[in-house]
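The next block holds one structure in the form of structure tokens; read it before the comments.
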Amino acid sequence: MATTAQPELETPAQPTTAKAWGVESAGAAALPLTIERRALRPEDVAIKISYCGICHSDLHMARNDWGMSRYPMVPGHEIVGTVTDIGRGVSRHKVGDRVAVGCLVDSDLTCEQCRAGFEQFCATGATLTYSGIDRQDGSLTQGGYSQHIVVREEFVCRLPDSLDIAKAAPLLCAGITTYSPLRKYGVGPGQKVGIAGLGGLGHMGVKFAVALGADVTMITTSPGKGQDARELGAHHVLLSTDAEAMASSANRFDFILNTIPVSHEVGPYLNLLKPNGTMVVVGAIDSLPGLHGGQLVMRNRAIAGSLIGGLPETQEMLDFCGEHGILPEIETIRIDEVNQAWARMEKGDVRYRFVIDMASLA
Ligand SMILES: [Zn+2]
Ligand SMILES: [Zn+2]
């Protein structure tokens, strides 16, 4: 095992194999696979994966819903684990560190977006954690439903000691996706914030908005989720199916985080914004019908989008969670339960994120 104490030693030149679960073609069931992890480059960190969250994107990508999938595919971009080895040029991490990897594993690091900390918008295309193409050797990247992974150090975050590693994985996608827009739009004390949709994203949105000091309302279609929302910290619940309640909440919110994962009419939600209010869409990568310019123009309202977060902000989010004791609500599963978990996730039958215990893969 190479360490920083022996800089003269070359790190292992041989690739290693890892047990994993993934899909061999679009729409196929997940099954055990063996994948190769590259030999460490000077800038690389080898990570033993302890837990990996299941994101809705994993299912979309496994089925090629977005037409960008490559196979075989080992999904998973909510990764937490421990550093087991480092390349000779690595300075940010050392063997034994608790670390985390999210949706990206590489970018050019030199373009305007990367230099500004928005690697997700890299001008030459950020490398996705899975179903991406490695920038140096052209191999297919494979994700976190596996025993270990090799990632360049700039794309590896530190996991604060205070966070339970068994619960933290979903912060790497669901967490940063909701934290980033709340921060960008300055959500804080004195503001009325609506979180639309209570799922993997929405439940993190509630926790972050509450921790940032806002007055938080869960906006949901289902009466049954009201109690859950309050237990997560929401101060109020607004039923979007209750026309009277929606009408009396018009012009009420400074900011709405819209986590609804499917196409939906946005007009009723825009109506809830105060003048100069903003609604940020993070869930629906789909058409948004019912948008009328008058709803924006007549109140200086804005509608915007947000995609995960760059690496500096992802680290900031993890540190914020460490300071405030914020963790996702999760259900832990074994790797051989992943197909059932996907089916349940599709029905919305999870509170609120599945996490795979990778010890079940040994
Ligand atoms: Zn994700
Ligand atoms: Zn770039």
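Values below: every heavy atom of this structure, side chains too, minus hydrogens, waters and symmetry copies. Residues: numbered from 1 along the sequence shown. Atoms within each ligand, like the ligands themselves, are counted from 1 in listed order.
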message: With a 6.0 Å cut-off (strictly less than), is the heavy-atom count around CZ of R158, excluding the residue itself, greater than 12?
response: no
- request: Determine which of the N, O or S atoms in D108 is closest to the Zn ion (ligand 2) and give its atom name.
  value: OD1
- prompt: Are the aromatic rings of Y269 and H264 close, with centres under 6.0 Å apart?
  reply: yes
- prompt: Is there a salt bridge (charged side-chain N to carboxylate O under 4.0 Å, His left out) between D85 and K94 once you walk through the steps?
  reply: CA-CA 8 Å; D85 203 354; K94 60 184 192 304; over 6 Å; no
- request: State whether C103 contributes an N/O/S atom found under 2.8 Å from the Zn ion (ligand 1).
  value: no
task: Round to 10° and report the angle made at the Zn ion (ligand 1) by NE2 of H77 and SG of C173.
output: 110°
- request: State whether a side-chain donor-acceptor pair under 3.5 Å links E313 with S180.
  value: yes
query: Can you tell me the angle formed at the Zn ion (ligand 2) by SG of C111 and SG of C122, to 10°?
result: 120°
